[in-house]
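Worksheet: the structure to be examined is printed underneath.
Source: prediction; values computed, not measured.
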Amino acid sequence: MGTAERRRAPEDGGAAESTARSVVEAPDRDTPAAGPDTPARRRPERPEGRERREALEQSAYRPLWTEEPARRRRLPDPVRTAAVRAVLVVAVTLIMAMVAFLCTMAGSWLAFPMVIGSVAGTVVATWGVLDVWVTRQVWNQRHGVVSMPSSTARAMRRERRRARRQARSAERAQERIRRRGGAGQLSHP
C-alpha cells in the first residue's frame with residue numbers, strides 16, 4: 001500500500017484493504033494512479049480481460065535465470081576425474097584423522113588402527129593430488145601447448161591436417177568423376 005492509500009485509510013484494517021484493492025496502478029511513474037475519487041474522464045481504461053491474462057501469462061513464464069558465458073574454460077575430462085578422485089580421497093583422510101584424534105582423546109582401542117589408516121590415507125591423498133598435477137601437465141603437452149619444444153601437440157595437429165587434406169582431395173576427385181557423368185570409372189572404355 002502506497003503513501004496516498006495510507007493517508008486516506010480509515011482506522012479499521014478491512015476498509016484499508018478494500019481501498020488498496022480498488023486503486024488501479026498507474027501504468028507509468030509520471031501518470032497519477034486512478035483512484036475512486038479521480039474523475040471518470042481522467043481514469044485510464046482498464047485493459048480487456050484477455051489482454052490482461054496474456055500480460056499475466058507473459059510475466060508468469062519469465063526464465064528463472066539467464067545463461068552467462070563461463071569465465072574460464074572447463075577442465076578437460078581426465079583432469080576433472082583425477083581432481084574429483086583426489087578431493088574424495090583427501091576428504092576421507094581428513095575424516096579418518098579426526099576420528100583418530102577423537103578416539104585418542106577418549107582412550108578407545110580404535111585409536112591405533114585409525115592412526116595407521118590416517119597415515120595410509122595421507123600417502124594416498126598425496127598420490128591423488130600429484131595425479132591431478134601430472135594428468136594436467138600431460139594433457140597440456142598433448143593437446144594444448146604448442147610453443148614448447150617437447151610438445152607432441154604440434155605433430156598431432158600436423159597429422160590431423162594432413163588427413164583432412166587427403167580426405168578433401170579424395171572428395172574433390174569423386175565429385176569430378178560424378179560431374180563428368182562417369183559411373184565411378186577412372187578410365188575410358
Side-chain angles (χ1 to χ4, degrees), residues 25 29 51-188:
E25 296 224 351
R29 288 187 183 265
E51 291 174 2
R52 190 171 191 177
R53 262 185 276 129
E54 287 175 1
L56 286 174
E57 285 176 7
Q58 270 186 342
S59 66
Y61 291 115
R62 281 188 322 202
L64 293 176
W65 63 85
T66 56
E67 293 290 333
E68 294 179 4
R71 294 182 189 174
R72 292 189 320 174
R73 284 198 334 254
R74 213 171 122 160
L75 279 175
D77 286 340
V79 179
R80 193 169 54 249
T81 55
V84 168
R85 189 181 320 122
V87 164
L88 290 175
V89 168
V90 167
V92 168
T93 302
L94 287 174
I95 290 171
M96 286 177 65
M98 185 181 64
V99 169
F101 174 75
L102 292 174
C103 287
T104 303
M105 290 292 119
S108 173
W109 62 272
L110 196 58
F112 183 69
M114 290 307 288
V115 167
I116 298 297
S118 295
V119 170
T122 304
V123 171
V124 173
T126 306
W127 168 82
V129 172
L130 284 175
D131 181 42
V132 173
W133 182 64
V134 169
T135 306
R136 184 172 169 268
Q137 294 298 326
V138 167
W139 195 91
N140 278 338
Q141 188 178 20
R142 286 189 185 156
H143 299 98
V145 184
V146 181
S147 60
M148 303 277 296
S150 61
S151 176
T152 57
R154 183 178 288 119
M156 289 175 69
R157 286 184 181 162
R158 197 177 299 137
E159 289 172 13
R160 283 193 298 251
R161 245 183 274 130
R162 188 178 303 132
R164 276 195 304 257
R165 262 190 239 121
Q166 286 176 350
R168 277 194 303 254
S169 65
E171 189 178 324
R172 275 187 299 231
Q174 286 296 325
E175 188 62 36
R176 224 177 293 128
I177 291 170
R178 280 190 214 112
R179 269 185 287 168
R180 288 184 185 162
Q185 307 181 61
L186 293 179
S187 61
H188 297 297

- For residues Val89 and Gly121, report the shortest heavy-atom separation together with the two atoms involved. CG1-O, 4.4 Å

- Hey, what do you get for CG (Leu88) to OG1 (Thr93), rounding to the nearest 0.5 Å? 10.5 Å

- Going by an N to O cut-off under 4.0 Å, is there a salt bridge joining Arg178 and Glu175? yes

- Return the minimal non-hydrogen interatomic distance between Pro78 and Thr81, and the atom names on each side. O-OG1, 2.8 Å

- Closest non-hydrogen atom pair between Val132 and Ala86, with its separation: CG2-CB, 3.8 Å

- In this structure, OG1 of Thr135 is separated from CZ of Arg80 (nearest 0.5 Å) by 13.0 Å

- Atom CE of Met98 and atom SG of Cys103: how far apart are they, to the nearest 0.5 Å? 10.0 Å

- Value rounded to 0.5 Å, distance of CD in Glu171 from CZ in Arg164: 13.5 Å

- Hey, does the side chain of Thr104 reach the backbone of Ala111 with a donor-acceptor pair shorter than 3.5 angstrom? no

